[in-house]
Amino acid sequence: MNIFSIYFEKIKKFLIDLEKDKQIKLSDNLNKLTIELPPKDLQGDISCNAALVLSKINNKKPKDIAILLKTNLIKKFPEFKNIFIAEPGFLNIEFNEDFWQKFLTNLLNLKEEYGSNSSIKNRYNVEFVSANPTGPLHVGHCRGAILGDVITNLLTFNGNEVSKEYYVNDHGNQVKIFTLSVYYRIIEILQNKEFPKNQEDLYRGEYVVDIAKKIIDKKLINQFNNYENIYEQLKDISIKESLELIKINLNSLGIQHDHFVFESQLFKNNEIKNTVEKLKKKDLVYQGKIEAPKSKKEKNYKERKQLLFKSTLYGDDKDRPLQKDDLSWTYFAGDLAYHNNKINRNFDILINVLGADHAGYIKRINAGVEALSNKKTKLSCKVSQLVKLLKDGKLFKMSKRKGDYITVEDLINEVGRDPVRFIMLSRSNDVELDFDFKKVTEKTKDNPVYYVQYCYARICSVFRNLNLDLNEEINFDEKKFHINSNERQIIKKLSEWPKCISISTQRMEPHRIPVYLYELATLFHSYWNLGKDNISFRFISDNKPTSLTKLIILKCISYVVKSGMNLIGVNTPNKM
RNA sequence: GGUCCUGUAGUUAAAUGGAUAUAACGGGUCCCUCCUAAGGAUCAGAUGCAGGUUCGAUUCCUGCCGGGAUCACCA
C-alpha cells in the first residue's frame, strides 16, 4: 500500500489517456515523473512534477500545463479534494478525509506487515562477516555484520528468499600461524616454555590461552611432542573453538547465519582446481608477471612468473594471481571457487558485504563472477566504512599485535545490543561513523535509540492506562473523522513508510530506517506534548479515550515503529 | 602515483535530480514543570573551488583542493 507508487501509476495512465485525447504531448518516457511528499510547510499530501517534465515538449510554461492538468485531475479523481499549483509548476494534491480514513483502516489491517513491497521476488545470497576464524570478532567487524543482517531482514520483509552465509577461511597462512600460536600456548602451560616474543605475527590474545587450556583439560589431544603429527587435529580443534567464539559474538548482536561454507571443504572437493580449470577453458588464465605494487610499504616484492586470471578483461586494474610462490592457491582462487559454488546454487542475486579495507577487492571478484557465470549472475558488493571509536571525545586505537582491541563482547557488555545496532545503522554505510561510548549509553532524548523506544513505550502506556490491549482490533466506524494539523502530518509521515522501505531495500541503505523512525518519533512526541497546554489534545480524559481517531493514530504509529525496529533488530520495550 | 569512499550551519548528521536545503546539539530571547522523567515557542547560522548536463544539481559528469581506506605474497 505505497500511495506514492500507486499514484505514480495512476497519474501516468491519466497522462497517457490525456495524450490520446490530444490534450498534451508526452515525451518518450515518463521516467522523470515523480510522486513525492511536498515540503513540510506547503499544502497538499502528495506532490507531482508532471507539468515540469512536460513543459519542454509541449513548448508551454510549466504553470500553464499545471492548470490544464489540475482541471482534468480533479474531474478524474474524486478522492482529490484540492490541487495547489506551486512555483514553478508542482501539483500539490490534497486528499479528502475519506481517503485518509480508508488509508488508516488499511494500515490497521496490515499491522506490522504495512510497508512491505513484494512485487518482484528473488533468491538472494547474502555473504557477510566472513572474518578469519582465528579469534573473536572485534568492533571493526560489527558494522558490516549488522549491515548484512539488516539487508537480509529488508529483503525477507519484502518477500524474497534469502540465505545468510559466512565464508570460513580455514585454509590459508593465517590459520597456520593461529594453530602455531595455540600450540605455543599449550607448550607454555605444559612445559613452562615462554610464548615467543620475537615472532610478531603470532596471535597473542587471551582467548588463545583459553583455547589451549580447554584442549589440555578436555584431553582433546594427548601427545604434543610432534607438532607435524598433530597439526591437522590441532588446527581443526582450534578453528572450531574460534568459530564458536565468533558465533557467540554474532548471537550477542542478534545475528545468526544460515550457512557456513568452509574454504577447506572447497579444497577437499577439488572445487578450487575445477574452478581454475573452468576459467582455463574460457582462456582466461595464463602464466605471467604483474608489476610491483606502488605502495611505499612494500619492499620485499620479487618479480616472478605466476598463474594469473585475466580480470582486466572485465574491468579490473590488473590481472590477479591464483597461485602463490609455493604453488598453493591464493585466497582469491579459493574465493573464486566459493563464488562458483554460489553460482551453481542458482541464486538470482549475490550480495557481499565487505569492510572498507576490502573495497579494492570488488573489481576482481566482480570480474570472477562475470566470467564464471557468463554474466548471468548478478553480484553486488556493499562496503561499510570504518568505525571510529571515541571515548570521552578521544580517538581510541586498536592494535591487533598487542592483542588490545575491543571485542564485540566488550562492546555489548558496556553499551548494550540496542544502542549498538541503532547507532551503527544510523549513518550511510558509505561514510565513516563516529561511535562515542559515552553518547551511545546516555539515556536521554539526545540519544535517538531511546527517543524512538520511548515513543513506543508512551503509546503502550496510553493503552495500559485505558486497560486496553494494543493488539486488540478496533473497529473504525467513527462517523466524524476529523484530524488536526499535527495528526495530518503524522498520517502523511506514516504514508511515507512503504517508500522508505522500498528505497532502503533497492539501494541497500538501511540507515534510512533509523532516520525515518527518528522523524516519526519527533512528530509523535510533539503530538503528545500538545496535551500539556490543552487538555482536549490529551488521549485520555476521565479514564476514557478522548477520541477513537486518536487511538487509531497511536496504534498505527506503534505498528510502524515496531515493524521498523524489528527490521533493524532493536527492541521496543513496553515500559521504560 | 592508481583505485574506492568522502567534503553540507560552530559541532554531529539528513536529503530515490525538486520547491524557502532537513534536524539534533551548542548559542540568543521568551514560556512551562504536566497522560512518563526525556517539554514548548522563537531568532541567528551551511552545500570545498571551477566548469558542464538539466525546466531544475547537495545529488549526475569533468578538472582542481582537502580527509580516509586500499594497492605482490597475507585475508
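Chain letters run A, B, ... following the sequence lines, proteins first, then strands; residues in each count from 1.
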> Taking the C1' atom in each of B/U3 and B/U11, what is the distance between them to the nearest angstrom?
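Taking atom C1' in both B/U3 and B/U11, they lie 32 Å apart.
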> Which residue, A/Val560, A/Leu517, A/Asp418, A/Asn571, forms the side chain to side chain contact (heavy atoms under 4.5 Å, CB included) with A/Met565?
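It is A/Leu517; the other options fail the test.
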> Between A/Ser55 and A/Ala457, name the one whose nearest nucleotide on RNA chain B is closer to the 5' end.
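It is A/Ala457, whose closest nucleotide lies nearer the 5' terminus.
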> Is A/Glu496 salt-bridged to A/Lys493, going by a charged N under 4.0 Å from an acidic O?
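Between A/Lys493 and A/Glu496 there is a salt bridge, with a charged N closer than 4.0 Å to a carboxylate O.
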> Quick one: sort the A/Phe332 and A/Tyr361 rings into parallel, tilted or perpendicular, breaks at 30° and 60°.
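Correct class here is perpendicular.
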> Below 4.0 angstrom from OP1 or OP2 of B/U16, is there any side-chain N or O of A/Arg512?
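For B/U16, OP1 or OP2 has a side-chain N or O of A/Arg512 closer than 4.0 Å.
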> Ring-plane angle category for A/Tyr331 and A/Tyr167, please: parallel below 30°, perpendicular beyond 60°, tilted otherwise.
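Aromatic pair A/Tyr331/A/Tyr167 classed tilted.
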> Do A/Lys342 and A/Glu165 meet the salt-bridge criterion of a basic N to acidic O distance under 4.0 Å?
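No salt bridge links A/Glu165 with A/Lys342.
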> Using a cut-off of less than 4.0 Å, is there contact between a side-chain N or O of A/Ser461 and OP1 or OP2 of B/C35?
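No, no such contact exists.
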> What stem regions, each of at least 3 consecutive Watson-Crick or G-U pairs below 3.5 Å, can be found for RNA chain B?
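Stem segments, range with range: B:1-7 with B:65-71, B:10-13 with B:22-25, B:27-31 with B:39-43, B:48-52 with B:60-64.
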> When the nearest nucleotide of RNA chain B is assigned to A/Glu87 and to A/Thr34 on a heavy-atom basis, which residue is associated with the more 5' position?
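The residue mapped nearer the 5' terminus is A/Thr34.
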> Hey, is the side chain of A/Asn447 poking within less than 4.0 Å of OP1 or OP2 on B/A24, counting only N and O atoms?
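The answer is no; no side-chain N or O of A/Asn447 sits under 4.0 Å from OP1 or OP2.
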> With a non-hydrogen cut-off below 4.0 angstrom, is A/Asn49 in contact with a base, only sugar-phosphate, or nothing?
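Counting heavy atoms under 4.0 Å across all strands, the contact made by A/Asn49 includes a base.
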> Under 4.0 Å, heavy atoms only, any strand: does A/Ser428 hit a base, just the sugar-phosphate, or nothing?
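A/Ser428: backbone/sugar contact only, no base atoms under 4.0 Å.
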> So if I apply the ring-ring contact (aromatic ring centres under 6.0 Å, His included) rule between A/Tyr518 and each of A/Tyr450, A/Tyr451, A/Phe422, which one comes out positive?
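Running ring-ring contact (aromatic ring centres under 6.0 Å, His included) over A/Tyr450, A/Tyr451, A/Phe422 with A/Tyr518 returns exactly one hit, A/Tyr451.
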> Between A/His525 and B/A23, does any side-chain N or O lie under 4.0 Å from OP1 or OP2?
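No, outside the criterion.
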> Between B/A38 and B/C25, how far apart are the two C1' atoms, rounded to whole Å?
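14 Å, rounded to whole Å.
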> Could you check whether A/Tyr454 and the base of B/A38 form a stacked pair, meaning centres closer than 5.5 Å and planes differing by less than 30°?
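Yes, the aromatic ring of A/Tyr454 stacks with the base.
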